[in-house]
Amino acid sequence: MKLSKPSTNRAQIGTFIKSSSAHVVEILGLSSLDFGVLDAEHAPLDRSALDLLMLAGRAANWPLMVRIPDTAASTILSVLDIGAAGLLVPHVDNAQQARAIVGKSRYRDGERGFSSSPRSARYGTLSMQQCLSDAEGTLIIAQIESKAAVDSIEDILSVDGIDGIFIGRADLALSFGLDDPKHALVTRATEHAMKSARAAGKIAGIAVGNVTERDTYAALGANWIVVGSDQSLLRQAAKAAASCLVV
């Protein structure tokens, strides 16, 4: 299932999926969220879990990205074969890494091994030519999580096949020797990276914890925003439901 790039006048809004419940994915897919991101980096989601969650996303006609745990060719191959709309790739620090990731994600001029049997090929019902063309439409978003990445932002964005960037403010803070993702130094680096992405005509993505941050960063140019996760949305709703009423 394809995920279109954001339009010029509206940010796309999604959330992370950190639990292995297909029902959660199906329910969120019936909301107004534009996409979900299966978090295989920070959540206990193996290939079997990702495969089941991908099925649930398709049942709800909801595009699912996958944040991959590493950039091994086998990891990228398996995620794309099960039908991911794209990859969110952690810790991309330079253009060389970005080019390598694109190469592992592409059949043409790349390293991705071909099979007509997986979901991405509709279990043998698509021609090889259709599969090759579909692979070119896979979104690849590089996570910017270090000072080195910020310093190389224009080079990373110039790589053909990199559709945009996604700011990881917590790890970015750590790279600056800080323990506050809202520190002014992190904020300046974040704004610079987003401005560079928009200038390049590419996705400027960021993770936020709530709708207030969502609106703040949308005003600063973010056009692909991940708001919390299935876990945080559930916790916030439960907290709100349990709050005392004033009578």
Side-chain angles (χ1 to χ4, degrees), residues 1-5 14 16-17 35-51 53-54 57-58 63-124 126-146 148-149 152-168 171 193 197 200 202-203 205 224 226:
M1 188 176 302
K2 300 300 180 184
L3 178 59
S4 60
K5 295 180 182 179
F16 279 119
I17 306 298
F35 64 90
V37 181
L38 303 181
D39 190 3
E41 182 191 20
H42 288 296
L45 303 178
D46 59 16
R47 183 172 181 174
S48 294
L50 291 173
D51 187 58
L53 297 175
M54 199 66 66
R58 292 198 168 216
L64 292 174
M65 302 276 288
V66 176
R67 177 155 70 173
I68 55 179
D70 57 67
T71 57
S74 57
T75 299
I76 292 173
L77 173 67
S78 67
V79 165
L80 295 180
D81 274 0
I82 64 173
L87 306 175
L88 183 56
V89 187
H91 299 289
V92 179
D93 294 329
N94 55 58
Q96 182 179 4
Q97 288 178 318
R99 281 190 291 270
I101 291 159
V102 172
K104 294 172 186 177
S105 307
R106 297 288 188 259
Y107 295 121
R108 293 189 177 101
D109 301 318
E111 305 169 35
R112 181 179 172 186
F114 179 79
S115 172
S116 62
S117 64
R119 184 179 297 117
S120 61
R122 296 181 62 86
Y123 304 109
L126 295 183
S127 69
M128 186 172 185
Q129 290 76 19
Q130 287 174 308
C131 292
L132 299 185
S133 296
D134 283 352
E136 300 301 316
T138 300
L139 282 181
I140 303 178
I141 301 179
Q143 286 196 202
I144 305 302
E145 304 180 275
S146 69
S152 300
I153 193 67
E154 284 81 11
D155 291 337
I156 293 171
L157 286 163
S158 70
V159 173
D160 185 33
I162 294 294
D163 295 291
I165 56 150
F166 183 81
I167 311 300
D171 281 336
K202 295 192 173 184
I203 289 169
W224 199 83
V226 177

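Remember, predicted model here, so these are calculated numbers, not experimental data.
- Nearest heavy atoms, A98 versus I156: CB-CG2, 4.4 Å.
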Pair up each side-chain donor or acceptor in residues 132-140 with any protein partner under 3.5 Å, not counting sequence neighbours, and list the distances.
| residue | atom | partner | partner atom | Å |
| --- | --- | --- | --- | --- |
| S133 | OG | Q129 | O | 3.1 |
| T138 | OG1 | A135 | O | 3.3 |

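- Partners of F16 under the ring pair (Phe, Tyr, Trp, His ring centres under 6.0 Å) rule, at least two apart in sequence or in another chain, do not exist in this structure.
- Using a 4.5 Å cut-off on side-chain heavy atoms (C-beta onward), F166 and M65 make no contact.
- R108 CZ to F114 CZ: the interatomic distance, rounded to the nearest 0.5 Å, is 10.5 Å.
- Contact of the R67 side chain with the Q143 side chain is registered, since non-hydrogen atoms from C-beta on lie closer than 4.5 Å.
- Counting only heavy atoms from C-beta outward, the side chains of R99 and V102 never approach each other to under 4.5 Å.
- For Q96, the CD atom sits in a loose shell: 12 or fewer heavy atoms of surrounding residues, nucleotides or ligands are nearer than 6.0 Å.
- D46 CG: more than 12 foreign heavy atoms inside a 6.0 Å radius.
- With sequence neighbours excluded, the residues forming a side-chain hydrogen bond (donor to acceptor under 3.5 Å, both in side chains) with S117 are S115, listed by chain and number.
- In this structure, E145 has no salt bridge (Lys or Arg N to Asp or Glu O under 4.0 Å) partners at least two apart in sequence or on a different chain.
- Counting all heavy atoms, side chain and backbone alike, L38 lies closest to M54 at CD1-CE, 3.9 Å.
- Between D171 and S146 the shortest side-chain heavy-atom distance does not fall below 4.5 Å.
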For residues 74-89, which side-chain N or O atoms pair as donor and acceptor with protein atoms under 3.5 Å away, sequence neighbours left out?
| residue | atom | partner | partner atom | Å |
| --- | --- | --- | --- | --- |
| T75 | OG1 | D70 | OD1 | 2.6 |
| S78 | OG | S74 | O | 3.3 |
| S78 | OG | T75 | O | 3.0 |
| D81 | OD1 | R112 | NH2 | 3.3 |

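- In terms of the salt bridge (Lys or Arg N to Asp or Glu O under 4.0 Å) criterion, residue partners of R119 (sequence neighbours excluded) are, by chain and number, D51.
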